[in-house]
Asker: 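Quick one: structure below, then a few questions.
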Amino acid sequence: MEQALSSARKAPPKGFDTGRMLSVFWQITKAGLVLAFLGWLIWRGIDAMDYRWQWFRVQPFFYRVIDGEIIWGPLVRGLIMTLQIASIAGVLAVLIGFVTALARMSGSFAGRIIATVYLEAIRNTPLLVQLFLVYFVLAPIIGLDRFWAGVLCLALFEGSFAAEIIRGGLRGVDRGQYEAADAVGMSTADKYRYIIIPQSLPLILPPLTGLLISTIKHSAIVSVIALAELTTQGLNLVSNTFMAFEVWFIVAGMYLALTVTLSFAVTLFEWYLNKSDR
Amino acid sequence: MTETSERPLVEISGLCKWYGEFSALYDINMNVARGEKVVICGPSGSGKSTLIRCINQLEEHQQGTLLVDGKEVRPGMKGIEQIRRDVGMVFQSFNLFPHMTVLDNLVLGPVRNLGMSRTKARELAMGYLEKVRIAEQAGKYPPQLSGGQQQRVAIARALCMQPKIMLFDEPTSALDPEMIAGVLDVMEALARDGMTMIVVTHEMGFARRVADRVVFMDEGEIVEVATPEEFFTAPKTDRAAQFLSQLLAH
């Protein structure tokens with residue numbers, strides 16, 4: 001009897017779905033055709049321009065070997081600078097985000113006002129203007145150098161987005177958890193440290209790592225204050241060599257490689273979080 | 001003896017609360033003596049939960065005075081944590097901390113708020129887990145437990161703060177029927193040990209066995225206060241009688 005029941009309850013076997021496979025194959029073919037057509041257009045255009053490709057000159061942009069010693073070229077140095085700027089600005093942005101989110105949620109009227117003014121000011125002015133304000137106005141007043149002016153500006157900009165991500169995450173924790181922590185007589189600091197923040201991390205971390213990736217892209221803007229990161233190095237190379245096509249393809253490719261790698265890491269990380277949830 | 005030991009543990013007078021225009025509590029006067037067990041019942045939306053949540057200021061009242069152990073509790077006051085440490089609370093939905101083991105749920109409060117050492121807090125916690133008959137689950141996480149087990153852990157967590165009074169906000173309403181008895185047993189044992197308790201519940205059997213007084217609320221007011229015997233056999237007001245007949249109809 002039990003045998004009969006269990007065999008009747010078995011899910012039907014999954015066969016090979018030929019129709020579905022064919023439809024997927026057709027989708028891929030269509031995408032391939034469109035991409036091939038666009039590529040052909042670009043190639044035709046470049047051909048008509050008589051652009052002289054000089055890919056053989058590219059390698060020293062990355063590194064040169066002199067007397068058996070590797071000397072890093074401008075692109076690698078630029079990449080390292082970009083990573084430095086983005087990582088420091090990213091860490092600062094997360095700190096600013098936490099402080100702002102907590103201030104907005106706090107009972108303190110002054111805290112809420114300051115946080116709101118900061119968020120509105122940053123989100124409603126262009127990043128480029130913010131950079132000029134920090135570099136030409138704020139930096140001379142408080143004695144910041146080029147590097148820290150750029151980092152600070154980026155951190156303030158990304159921090160405003162981090163604040164909203166973090167606030168959303170903290171709000172996502174069940175009200176009962178706040179109440180239970182209160183009912184046990186916890187201080188506000190302990191409540192967030194032990195109860196609320198640990199539970200909001202699975203909500204906060206994935207979008208926050210996404211924000212760190214955009215910090216890398218946004219860091220290109222500090223080239224306007226001639227901070228020697230990847231985009232600045234690209235600009236310099238182009239003005240020295242007139243190899244605009246090669247240089248910008250390479251710079252874009254380097255940004256792409258960096259962000260796609262990080263995105264992939266984030267996807268793995270989210271998958272891991274979801275798995276440990278179950 | 002001294003005045004404090006005879007003084008009621010909870011003194012509420014003229015307590016009022018509004019949500020916007022809606023009057024949630026109106027002119028509540030009620031004292032709870034040390035060791036007394038009070039059951040609050042009434043139709044849903046009658047303000048029972050709001051009232052006990054005012055006692056530890058999860059809800060803020062707007063008028064009236066509220067004293068816990070002789071200390072005045074005011075909305076937005078500094079040092080409310082001190083008062084909350086004396087007031088244990090058990091929620092309808094347990095509200096255990098899901099990211100911590102059962103034992104850590106119990107240990108956190110005494111260690112962080114009472115300055116107890118971890119070893120001592122663990123001993124205390126295991127003692128209370130024995131008491132609620134769930135010690136063997138100490139290393140598990142709350143989502144791995146049944147509702148009844150979680151609620152017993154929640155009771156133990158509140159007891160670990162060694163409170164002077166315990167508030168229960170419909171502790172069995174979210175439980176499957178077969179889980180209710182275990183939780184009520186624990187609460188009855190707690191009552192026998194002399195704990196002061198205010199319990200919002202519709203468990204009339206529990207109220208008959210344990211309560212010194214039954215408080216009946218409707219539309220944010222206290223309508224009737226009586227011994228369980230009087231209340232269940234001969235309610236004085238029509239509203240209470242109607243409520244009881246609806247309750248018994250099921």
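Heavy-atom basis, side chains included; hydrogens, waters and symmetry copies ignored.
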Asker: Look at R84(B), R85(B), Q57(B), E81(B) and state which one has the largest set of heavy-atom pairs under 4.5 Å with chain A.
Answerer: R84(B)
Asker: List the atom of H99(B), the atom of P198(A), and the distance in Å for their closest heavy-atom pair.
Answerer: CD2-CB, 3.6 Å
Asker: Identify the two heavy atoms, one from A183(A) and one from M89(B), that lie closest to each other, and give their separation to 0.1 Å.
Answerer: CB-CB, 4.0 Å
Asker: So does G176(A) get a backbone contact from the side chain of N95(B), meaning a donor-acceptor N/O pair under 3.5 Å?
Answerer: yes
Asker: Side chains of R112(B) and R193(A): does their closest heavy-atom pair fall under 4.5 Å?
Answerer: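 Side chain of R112(B) against side chain of R193(A), heavy atoms only: contact under 4.5 Å found.
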Asker: State, yes or no, whether a side-chain contact exists between M161(B) and V184(A) at a heavy-atom distance under 4.5 Å.
Answerer: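 Sidechains of V184(A) and M161(B): in contact.
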Asker: Of the backbone (N, CA, C, O) and the side chain (C-beta and beyond), which part of L96(B) lies under 4.5 Å from a heavy atom of chain A, both, or neither?
Answerer: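 Contact with chain A: backbone only.
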Asker: Could you state the interatomic distance from CD1 (I80(B)) to CG (D182(A)), rounded to the nearest 0.5 Å?
Answerer: 9.5 Å
Asker: Within the 4.5 Å heavy-atom criterion, are I195(A) and L108(B) side-chain neighbours or not?
Answerer: yes
Asker: Taking the side chain as C-beta and beyond, is there a heavy-atom pair between E179(A) and R53(B) under 4.5 Å?
Answerer: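 Yes. Closest side-chain heavy atoms under 4.5 Å.
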Asker: For F97(B), is it the side chain, the backbone, both, or neither that has a heavy atom closer than 4.5 Å to a heavy atom of chain A?
Answerer: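 Interface part for F97(B): both.
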Asker: Below 4.5 Å, heavy atoms only, C-beta onward: do Q177(A) and P98(B) meet side chain to side chain?
Answerer: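 The answer is yes; the side chains approach within 4.5 Å.
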